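Structure first, then comments.
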Amino acid sequence: HTLLGMKGNPHWDIFHILSNVFIFAGFITLSNAWHVLWKAQRKHKLASTGIYARMRHPQYVAFIAIMLGFLLQWPTLPTLIMFPILTYMYVKLSLKEEKISEAEFGDGWRSYAAVTPRFFPKLSKPEQQLTS
């Protein structure tokens, strides 16, 4: 990041290290989320176990983390413009999916949503594993 006057190996500066952390964490989160969601969808159940017991939209959080990682690594005009647009679209899509889930799973979804944060994961142990 020569724009900020940082010297030395650019692959070991704080921005590059943080970008790799966000990208790696995003892909791990995405992998875990898709596995849980795939199993739940096969059984036509609400995804509420695993990472879904800690937050309702881990897949979108993962996409945003990956995008943030790339933004930190390559802060270009297109990435600066697209990051907030794509983040907004993922939030909007998540709200639409919540309405669909509530219509499909009813009280089970409402109980799940009442104890599970939307985007910022619960760090404490989840209180319950819902089976709806």
Side-chain angles (χ1 to χ4, degrees):
H1 282 89
T2 55
L3 290 174
L4 300 175
M6 299 174 84
K7 297 188 184 328
N9 186 337
H11 297 288
W12 291 105
D13 71 26
I14 189 67
F15 289 105
H16 203 87
I17 292 168
L18 275 175
S19 74
N20 287 328
V21 169
F22 278 112
I23 293 167
F24 182 74
F27 278 116
I28 295 298
T29 301
L30 192 57
S31 175
N32 287 325
W34 276 347
H35 179 72
V36 172
L37 187 59
W38 178 75
K39 284 173 55 177
Q41 285 180 335
R42 279 190 34 202
K43 297 177 182 176
H44 192 71
K45 293 189 177 224
L46 179 65
S48 61
T49 61
I51 196 161
Y52 282 89
R54 297 191 182 275
M55 68 178 124
R56 297 196 304 257
H57 298 287
Q59 73 281 20
Y60 297 132
V61 170
F63 289 142
I64 292 168
I66 293 165
M67 290 187 315
L68 180 59
F70 283 114
L71 177 64
L72 289 172
Q73 209 166 101
W74 295 294
T76 63
L77 190 56
T79 58
L80 288 169
I81 291 169
M82 291 307 298
F83 180 78
I85 293 169
L86 289 172
T87 299
Y88 171 78
M89 295 305 295
Y90 283 134
V91 169
K92 191 174 174 180
L93 183 58
S94 72
L95 298 175
K96 181 180 178 182
E97 287 181 2
E98 286 190 359
K99 290 178 183 174
I100 294 168
S101 294
E102 184 176 16
E104 189 169 339
F105 297 107
D107 287 338
W109 186 89
R110 286 186 283 281
S111 296
Y112 166 72
V115 298
T116 310
R118 185 174 278 140
F119 298 115
F120 297 99
K122 233 188 311 192
L123 298 179
S124 62
K125 185 175 180 182
E127 296 169 17
Q128 56 186 351
Q129 299 286 323
L130 301 172
T131 58
S132 305

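Fair warning: this is a prediction, and the values are worked out from it, not measured in the lab.
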May I have the list of side-chain donor-acceptor pairs in residues 97-106 shorter than 3.5 Å, sequence neighbours left out?
from: Glu97; atom 1: OE1; to: Tyr60; atom 2: OH; distance (Å): 3.2
from: Glu97; atom 1: OE2; to: Tyr60; atom 2: OH; distance (Å): 2.5
from: Glu98; atom 1: OE1; to: Arg118; atom 2: NE; distance (Å): 3.4
from: Glu98; atom 1: OE1; to: Arg118; atom 2: NH2; distance (Å): 2.8
from: Glu98; atom 1: OE2; to: Arg56; atom 2: NE; distance (Å): 3.0
from: Glu98; atom 1: OE2; to: Arg56; atom 2: NH2; distance (Å): 3.1
from: Glu98; atom 1: OE2; to: His57; atom 2: NE2; distance (Å): 2.8
from: Glu98; atom 1: OE2; to: Arg118; atom 2: NE; distance (Å): 3.0
from: Ser101; atom 1: OG; to: Glu97; atom 2: O; distance (Å): 3.1
from: Glu102; atom 1: OE2; to: Arg110; atom 2: NH1; distance (Å): 3.0
from: Glu104; atom 1: OE2; to: His44; atom 2: ND1; distance (Å): 3.3
from: Glu104; atom 1: OE2; to: His44; atom 2: NE2; distance (Å): 3.1

Has Tyr112 got a side-chain atom pairing as donor or acceptor with Tyr52's backbone, closer than 3.5 angstrom? yes
What distance do Phe63 atom CZ and Phe27 atom CZ have between them, rounded to the nearest 0.5 Å?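 The distance works out to 9.0 Å.
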CD1-CG distance between Ile23 and Leu18, expressed to the nearest 0.5 angstrom: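 These two atoms lie 11.0 Å from each other.
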Thr79: which residues meet the side chain to side chain donor-acceptor pair (under 3.5 Å) condition with it, sequence neighbours left out?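 Residues passing side chain to side chain donor-acceptor pair (under 3.5 Å) with Thr79: Thr76.
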Looking at every non-hydrogen atom in both residues, tell me the closest pair between [X] and [Y] and how far apart they are.
X	Y	result
Leu37	Ala47	CD1-CB, 3.9 Å
Gly69	Ser19	O-CB, 2.9 Å
Ile51	Pro58	CG2-CG, 3.7 Å
Pro121	Pro117	C-CG, 4.4 Å

Is it possible for you to say whether Leu46 and Trp38 belong to one hydrophobic cluster, with membership spreading through side-chain heavy-atom contacts below 4.5 Å?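 No.
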Please tabulate, one pair per line, all N/O donor-acceptor pairs under 3.5 Å involving side-chain atoms of residues 83-92, not counting sequence neighbours.
from: Thr87; atom 1: OG1; to: Phe83; atom 2: O; distance (Å): 2.8

Residues two or more places apart in sequence or in another chain: which of them pass side-chain contact (heavy atoms from CB on, under 4.5 Å) with Ser31?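 Applying side-chain contact (heavy atoms from CB on, under 4.5 Å) to Ser31 gives none.
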Residues forming a side-chain contact (heavy atoms from CB on, under 4.5 Å) with Ala62, sequence neighbours excluded: Thr29, Leu30
Under the side-chain contact (heavy atoms from CB on, under 4.5 Å) criterion, do Ile64 and Val61 qualify, and how do the steps go? CA-CA 5 Å; Ile64 292 168; Val61 170; 5.9 Å; no
With a 4.5 Å limit on heavy-atom distance, are the side chains of Lys39 and Thr49 in contact? no
Which other residues end up in the same hydrophobic cluster as Phe24, if Ile, Leu, Val, Met, Phe, Trp and Tyr are linked when side-chain heavy atoms come under 4.5 Å apart?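 Cluster partners of Phe24: Ile28.
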